[in-house]
There are 4 protein chains.
Amino acid sequence: MLVSDEHKSEAGSRQGRGRGRPRNAEVDRAVLAAAVDLLAEHGFGQLTVEAVASRAGVGRPTVYRRWPTKEDLAVHALIHSVPPLTAPDTGDAVGDLCELAVGFVTELSNSPLGSVVLGVHAECGRRPELGNPLREHYLQPRDAVITDLVERGRREGAIRPDIPADTVRDLVFGPLIYRWLITGEPVDRATAELLVSTARRAVAPGER
Amino acid sequence: MLVSDEHKSEAGSRQGRGRGRPRNAEVDRAVLAAAVDLLAEHGFGQLTVEAVASRAGVGRPTVYRRWPTKEDLAVHALIHSVPPLTAPDTGDAVGDLCELAVGFVTELSNSPLGSVVLGVHAECGRRPELGNPLREHYLQPRDAVITDLVERGRREGAIRPDIPADTVRDLVFGPLIYRWLITGEPVDRATAELLVSTARRAVAPGER
Amino acid sequence: MLVSDEHKSEAGSRQGRGRGRPRNAEVDRAVLAAAVDLLAEHGFGQLTVEAVASRAGVGRPTVYRRWPTKEDLAVHALIHSVPPLTAPDTGDAVGDLCELAVGFVTELSNSPLGSVVLGVHAECGRRPELGNPLREHYLQPRDAVITDLVERGRREGAIRPDIPADTVRDLVFGPLIYRWLITGEPVDRATAELLVSTARRAVAPGER
Amino acid sequence: MLVSDEHKSEAGSRQGRGRGRPRNAEVDRAVLAAAVDLLAEHGFGQLTVEAVASRAGVGRPTVYRRWPTKEDLAVHALIHSVPPLTAPDTGDAVGDLCELAVGFVTELSNSPLGSVVLGVHAECGRRPELGNPLREHYLQPRDAVITDLVERGRREGAIRPDIPADTVRDLVFGPLIYRWLITGEPVDRATAELLVSTARRAVAPGER
DNA sequence: CGTTAAACGAGACGGTACGTCATGTCTTCGA
DNA sequence: TCGAAGACATGACGTACCGTCTCGTTTAACG
């Protein structure tokens, strides 16, 4: 299952701890879950706040109180639904990295949510206020995991020290993601492993 | 300039050469150009048929006569506007391929249209009727150019014969595209060259 | 049957007997007949030139060439379809007049076209250019017949000489038409005869 | 002024006193008033929901929420705008009835709204769902007033007891309405009085 | 323990865009 | 030149959502 509840920061972040009735945390959950479902079913373009609210059993203003626009909602739904990367640690850092990449992409490409990721990224590309939460909650945690692995790989002598960690990331994840999202060709495990095993030649210390 | 008029197939593909008044090809051009402009200015999500028609100096039904939905229009506008890849031929096939990739991505990432590509791809991902024209007119011609280059590279002995052409494509283009579209980090020429020069190690014949 | 072809003046009245291909009179007929049918079926508000042309097996511009607007077409279709009044002559002018009125209204109220008359009159009320042909070809011929009858009635001593002919007309036709078109109550023969037989008391010479 | 606000039944008849935000009665008023104005200015055929909404300072969907079609709106605007008949009571019932008829028609025929009545009636003739409100709110109240007058006239011995009230109505109102709406001839006070004074001979008890 | 302020479901509201349809004009072809 | 076909600019149609705004009700925390 892809859903993860580990994000602590409350949705609309009403810090006031004020007088009135406190927000119902259950509503946050239900709305995000409904948004995730509808994104998976119909895609980002067809997502309507109306439908999300109705499926969550909630009024429309209750949704807007937490996420001011449809795009905000979608971004947070995505953040909410994609599980954090967790790297194995077998002692072979590059192997772990490859396993991580292959697992991530094959899992995502088999999930109905997969095809939504692109649409959300597209929307975020033009709007910094959307892109920031996505970067902060989605990309950076993944980058941190990857950077750690690359660091480990360097210490193990399996990754050339002159290549920056983000370049390694691009080289390992890029081909997989590109094939999956852009070309639309299938990314089964065999294909994924072919791609990463070839890519790892690029980052391995040269014979010369 | 990115706009190219080389697509022969007429828009709505009324092949009939029928009885009535023939369609005005100038209208096709004006509408696609208007759509491209508006996509570049406001992005896919803010594109409206109304605005396209009005900027093209055309009635709304005239747009719908050719492209039945907004998405159709956007896809064809994109196809219409991105120039065909043309590979150099310096005798160094892998160098040509890398130059092609670097040039393509740096050019696109500096064009206002660049940030639109992702949104259109996202929309196409869930709708085969949109994806097909995109694949046919956009991806396949590019693939053909790349495959030719890879073929040449193999004959020159610069590319390992056991790697399929599409894998080469993914390895060379993937990291660039991934960095540009997904991570949102800048892709200047130096970064691009670092990525492809590293990637080419993966496809070069091994020392052993 | 209500349709009558006795109107001599051709539709668009191209008198020129010009050089080119002459107009096909059959087309005039077919278009008017189609218009009458559609008026009867769907009413004036739902009439479309498109549908008329298509049912007549004719192009839309061919219709417009003859009648410049939809309203024009409808007015002429109505004129074309309602038969001229023909008064009996039994020697009893007032009886003839009453018979005329009763026959006219009962016939019209049983025709599917009946309910269209009102709509066309309504349209003509605000547009003199429509009202004129209606008056000229529809109302005036009827008025002439009625005026003749009233004249005869006066000579027979059955109609008071101090009442103008148009007042007689209003008194005899008005109640019938009012009941039929405005109140929507049924106008069967019995009701019609009750109305006119009462009305004729109003125009008969007084006992005193 | 012709506008009257006496109709109690709310527009869209949302009786539920439901949960959500209640409808703004002021909007009902503004929309109907705008519709009346536009009907008077341009007639039924040229009425557009767009224009009504805009003149009322209201969104188009707000109009549709209350009246599902243009015709519905027009019917209710008409009902809303025409004042109820109020009969004088001078002790002379037939005189009162005639005065009522003459006043009604001369007033209406001088109102810009007058020429609209016919169009609305025409539309109602073919659609029971439109005709019903018109009958209920417009015709029946008038009929009730007239029937009362006829009753009074009978008790005063001024109306023959063997003529039904609706026949009296048709005989008195019919000629006036017919002349005004159908023939298009002017209905000034003199003409109107000639018509009704003649018509009253038909309903007066005979000398014989 | 009662006040009270906010959350909540519902749904009206002014907008904007959708995709369709009809009008009346025009342009091309074939007769 | 007519007539059929159909493109064209225009503009209204009726629907769907948007994001905001009342409503009346519920629910905790404060006083």
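A, B, ... follow the sequence lines: proteins, then strands. Residue 1 opens every chain. Computed from a prediction, not measured in an experiment: that's the story for all the values here.
Rounded to an integer number of Å, the gap from B/Asn24 CG to E/dT28 P is 9 Å. The distance between atom CZ of A/Phe44 and atom C1' of F/dC17, rounded to the nearest whole Å, is 14 Å. Between the CZ atom of A/Arg21 and the P atom of F/dT27 there is a distance of 6 Å, rounded to whole Å. Regarding D/Asp28, its CG atom lies at a distance of 11 Å from the C1' atom of E/dA12, rounded to whole Å. Residue C/Arg55 contributes atom CZ, which lies 17 Å from atom P of F/dA4 at whole-angstrom precision. Between the C1' atom of E/dG19 and the CG atom of B/Asp72 lies a distance of 13 Å, rounded to the nearest Å. Between the CH2 atom of A/Trp67 and the P atom of F/dT20 there is a distance of 15 Å, rounded to whole Å. Between the P atom of E/dC21 and the CZ atom of B/Arg65 lies a distance of 13 Å, rounded to the nearest Å.
Taking OH of B/Tyr64 as the start and OG1 of B/Thr69 as the end, the distance is 8.5 Å to the nearest 0.5 Å. Between the CG atom in D/Leu47 and the CG atom in D/Leu38 there is a gap of 6.0 Å [rounded to 0.5 Å]. Rounded to the nearest 0.5 angstrom, B/His80 NE2 and B/Leu32 CG are separated by 5.0 Å. We find the CG-SG distance between D/Leu130 and D/Cys124 to be 5.0 Å, quoted to the nearest 0.5 Å.
Between B/Arg23 and B/Asp28, none of the side-chain N atoms (NZ, or NE/NH1/NH2) sits under 4.0 Å from a carboxylate O, so this pair counts as no salt bridge.
Within the structure, every side-chain polar atom (N or O) of D/Thr62 is placed at least 4.0 Å from both OP1 and OP2 of E/dA12.
Of the two residues contacting DNA chain E, namely D/Val58 and A/Ala56, the nearest-nucleotide position lying further toward the 5' end is that of A/Ala56.
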Filtered N/O pairs between nucleotides 12-16 of chain F and protein, under 3.5 Å:
unit_1: F/dA12; atom_1: N6; unit_2: B/Arg60; atom_2: NH2; d: 3.1
unit_1: F/dC13; atom_1: OP1; unit_2: D/Val49; atom_2: N; d: 3.1
unit_1: F/dC13; atom_1: OP2; unit_2: D/Val49; atom_2: N; d: 3.2
unit_1: F/dC13; atom_1: OP2; unit_2: D/Glu50; atom_2: N; d: 3.3
unit_1: F/dG14; atom_1: OP2; unit_2: D/Tyr64; atom_2: OH; d: 2.7
unit_1: F/dG14; atom_1: N7; unit_2: D/Arg60; atom_2: NH1; d: 2.7
unit_1: F/dG14; atom_1: O6; unit_2: D/Arg60; atom_2: NH1; d: 3.2
unit_1: F/dG14; atom_1: O6; unit_2: D/Arg60; atom_2: NH2; d: 3.0

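Heavy atoms only, all atoms of each residue included: C/Leu113 and C/Val36 are closest at CD1-O, 3.8 Å.
Out of F/dG3, F/dC23, E/dG14, the shortest distance to the side chain of C/Arg66 is found at F/dG3.
Pairs engaging residues 38-53 of chain C under the salt bridge (charged side-chain N to carboxylate O under 4.0 Å, His left out) rule: C/Glu41-C/Arg55, C/Glu50-C/Arg60 [sequence neighbours left out].
Across all strands, C/Gly59 comes closer than 4.0 Å only to sugar-phosphate atoms, never to a base (heavy-atom distances).
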